[in-house]
Asks: 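Pasting in a structure now, in structure tokens, and then I'll have a few things to ask.
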Amino acid sequence: MRSLPKFWLIFCAILLSCVCVSPVIAHEKWHTISTEKLAAKLEQGDDICLINVLPKIIYDDKHIPGSINIPVSEILTSPLLPKEKNKLLVFYCMGTL
Amino acid sequence: MGYSNVFVYREGILGWVKAGYRVDSVVDYPKVKIALISSNELKEMNTSSMLLLDIRPVSHFLNGHIRNSNNIDLEELHRKLDVLPKDKKIILIDHKGKLTLTTGRFLNSQGFTDVSRLDGGFNAWVKNGFTAEK
């Protein structure tokens, strides 16, 4: 059971990479959050770790306020990830519109 | 890693902006026009004096790329500017054309003034039926 969350995180990282490449791969099984819910949580000051997985050059140009930048290739090794394992992590990239 | 509460915000930056929410910037890149080149135009161009710069991850590049293109992963580009020529036209290639406008503006801010981008990225090239090398 202990390996399941790790698997889930790796899965999300791969998934995000795929979203950046092809929205066709987008899939209903992921836990997703809507624009409105995310905005509401940020507005309320909820304890979220919002993570932009785009390259630094793109993050520097434009990102959601309060988000940190951990490029896809660094997700599994980044010291920026929170220590609290039950904290809400929300990953995003350029999007699928 | 043990995280149990992981979500994906699929709409991403594009959805966030479209919904009218504010974004932050670390740097203001110059809002210069980065010319679009279609796959058909690129196919017909003599690119021998240009740099075709594929900014996708190396694994994607190795899986298929436009002939004579060079790869620098966008994640690494800001650390590898010294290998780019300032006296050549640079044509940027990404997956779908979503990242090359900002990348072109970044390069412009670093003194690379002749930068264009492939419209629709590598996906458009393949979709047009043009060959990819491995």
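Since this is a predicted model, take the numbers as computed values, not measurements. Reminder, nothing fancy here: chain letters follow the sequence lines and each chain counts from 1.
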Asks: Hey, mind stepping through B:Tyr3 and A:Leu81 against side chain to side chain contact (heavy atoms under 4.5 Å, CB included) and telling me if it holds?
Replies: CA-CA 10 Å; B:Tyr3 294 100; A:Leu81 284 171; 3.4 Å; yes

Asks: Most heavy-atom pairs under 4.5 angstrom with chain B, which of A:Gly66, A:Pro82, A:Ser34?
Replies: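 Heavy-atom pairs under 4.5 Å are most numerous for A:Pro82.
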
Asks: Counting only heavy atoms from other residues, nucleotides and ligands, does the tally under 6.0 Å from NZ of A:Lys85 exceed 12?
Replies: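 Count over threshold, so yes.
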
Asks: Quick check: do B:Leu74 and A:Ile57 have side-chain heavy atoms less than 4.5 Å from each other?
Replies: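 When only atoms from C-beta onward are counted, A:Ile57 and B:Leu74 do touch, with a gap below 4.5 Å.
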
Asks: Is the closest side-chain heavy-atom distance between B:Val26 and A:Tyr59 below 4.5 Å?
Replies: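 Yes. Closest side-chain heavy atoms under 4.5 Å.
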
Asks: Nearest 0.5 Å, please: how far is CD in B:Glu11 from CG in A:Leu38?
Replies: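 One finds 9.5 Å between CG of A:Leu38 and CD of B:Glu11.
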
Asks: Looking at side-chain heavy atoms only, is the closest gap between A:Tyr92 and B:Val8 below 4.5 Å?
Replies: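 When only atoms from C-beta onward are counted, B:Val8 and A:Tyr92 do not touch, as no gap falls below 4.5 Å.
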
Asks: Between A:Ile68 and A:Val72, is there shared hydrophobic-cluster membership here, with clusters defined by ILVMFWY side-chain heavy atoms closer than 4.5 Å?
Replies: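 Yes; A:Val72 is reachable from A:Ile68 via cluster members.
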
Asks: Using a 4.5 Å cut-off on heavy atoms from C-beta on, say whether the side chain of A:Cys93 contacts that of B:Tyr9.
Replies: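 Result no, sub-4.5 Å side-chain heavy-atom pair not found.
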
Asks: Assess the residue pair A:Ile64 and B:Ile13 against the criterion (side chain to side chain contact (heavy atoms under 4.5 Å, CB included)); give the C-alpha distance rounded to whole Å, side-chain angles, the decisive distance to 0.1 Å, and a yes or no.
Replies: CA-CA 7 Å; A:Ile64 298 174; B:Ile13 275 287; 4.1 Å; yes

Asks: Any chain of hydrophobic side-chain contacts (each under 4.5 Å) joining B:Leu14 to B:Tyr29?
Replies: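 Same cluster: B:Leu14 reaches B:Tyr29 through Ile, Leu, Val, Met, Phe, Trp or Tyr contacts under 4.5 Å.
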
Asks: Can you measure from CG (A:Asp61) to CG (B:Asp24) and round to the nearest 0.5 angstrom?
Replies: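 It is 11.5 Å, given to the nearest 0.5 Å.
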
Asks: Quick check: are there more than 12 heavy atoms from other residues, nucleotides or ligands sitting under 6.0 Å from NZ of B:Lys31?
Replies: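 Yes, NZ of B:Lys31 has more than 12 neighbouring heavy atoms, counting only those of other groups under 6.0 Å.
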
Asks: Among A:Glu74, A:Lys62, A:Lys56, which residue has the highest count of heavy-atom pairs closer than 4.5 Å to chain B?
Replies: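 It is A:Lys62.
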
Asks: Taking the side chain as C-beta and beyond, is there a heavy-atom pair between A:Ile58 and B:Phe106 under 4.5 Å?
Replies: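 No - every pair of side-chain heavy atoms lies 4.5 Å or more apart.
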
Asks: What distance separates B:Tyr21 OH from A:Thr35 OG1, expressed to the nearest 0.5 Å?
Replies: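 With rounding to 0.5 Å, OH (B:Tyr21) is 7.0 Å from OG1 (A:Thr35).
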
Asks: Decide whether B:Ile93 and B:Ile34 are clustered together by the hydrophobic rule: side chain heavy atoms of Ile, Leu, Val, Met, Phe, Trp, Tyr closer than 4.5 Å, transitively.
Replies: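 B:Ile93 does not cluster with B:Ile34.
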
Asks: So does B:Arg67 have more than 12 non-hydrogen atoms from other groups sitting under 6.0 Å from CZ?
Replies: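 Not more than 12 within 6.0 Å, no.
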
Asks: With hydrophobic residues grouped by side-chain heavy-atom distances under 4.5 Å, do B:Ile55 and B:Val27 end up in a single group?
Replies: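 Both belong to a single hydrophobic cluster.
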
Asks: For B:Phe7, which of A:Leu88, A:Ile48, A:Leu89 qualifies under side chain to side chain contact (heavy atoms under 4.5 Å, CB included)?
Replies: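 The residue from A:Leu88, A:Ile48, A:Leu89 that satisfies side chain to side chain contact (heavy atoms under 4.5 Å, CB included) with B:Phe7 turns out to be A:Leu88.
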
Asks: Would you compute the distance between atom NZ of A:Lys87 and atom CG of B:Asn5 and round it to the nearest 0.5 angstrom?
Replies: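 The CG atom of B:Asn5 is 11.5 Å from NZ of A:Lys87, to the nearest 0.5 Å.
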
Asks: Does any heavy atom of chain B fall under 4.5 Å from the side chain of A:Ser67, the backbone, both, or neither of them?
Replies: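 Neither part.
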
Asks: Does any part of the side chain of B:Arg22, heavy atoms only, come nearer than 4.5 Å to the side chain of A:Pro65, both counted from C-beta?
Replies: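 Yes, side chains in contact.
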
Asks: Do B:Phe130 and B:Met45 sit in the same hydrophobic cluster, where Ile, Leu, Val, Met, Phe, Trp and Tyr count as joined when their side-chain heavy atoms come under 4.5 Å apart?
Replies: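 Yes, B:Phe130 and B:Met45 fall within the same hydrophobic cluster.
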
Asks: Is A:Met94 close to B:Leu99 at the side-chain level, that is, under 4.5 Å between some pair of heavy atoms?
Replies: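 Heavy-atom side-chain distance check passes, below 4.5 Å.
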
Asks: Is it the case that over 12 heavy atoms from other parts of the model lie below 6.0 angstrom from the CD atom of A:Glu43?
Replies: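 No, not enclosed.
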
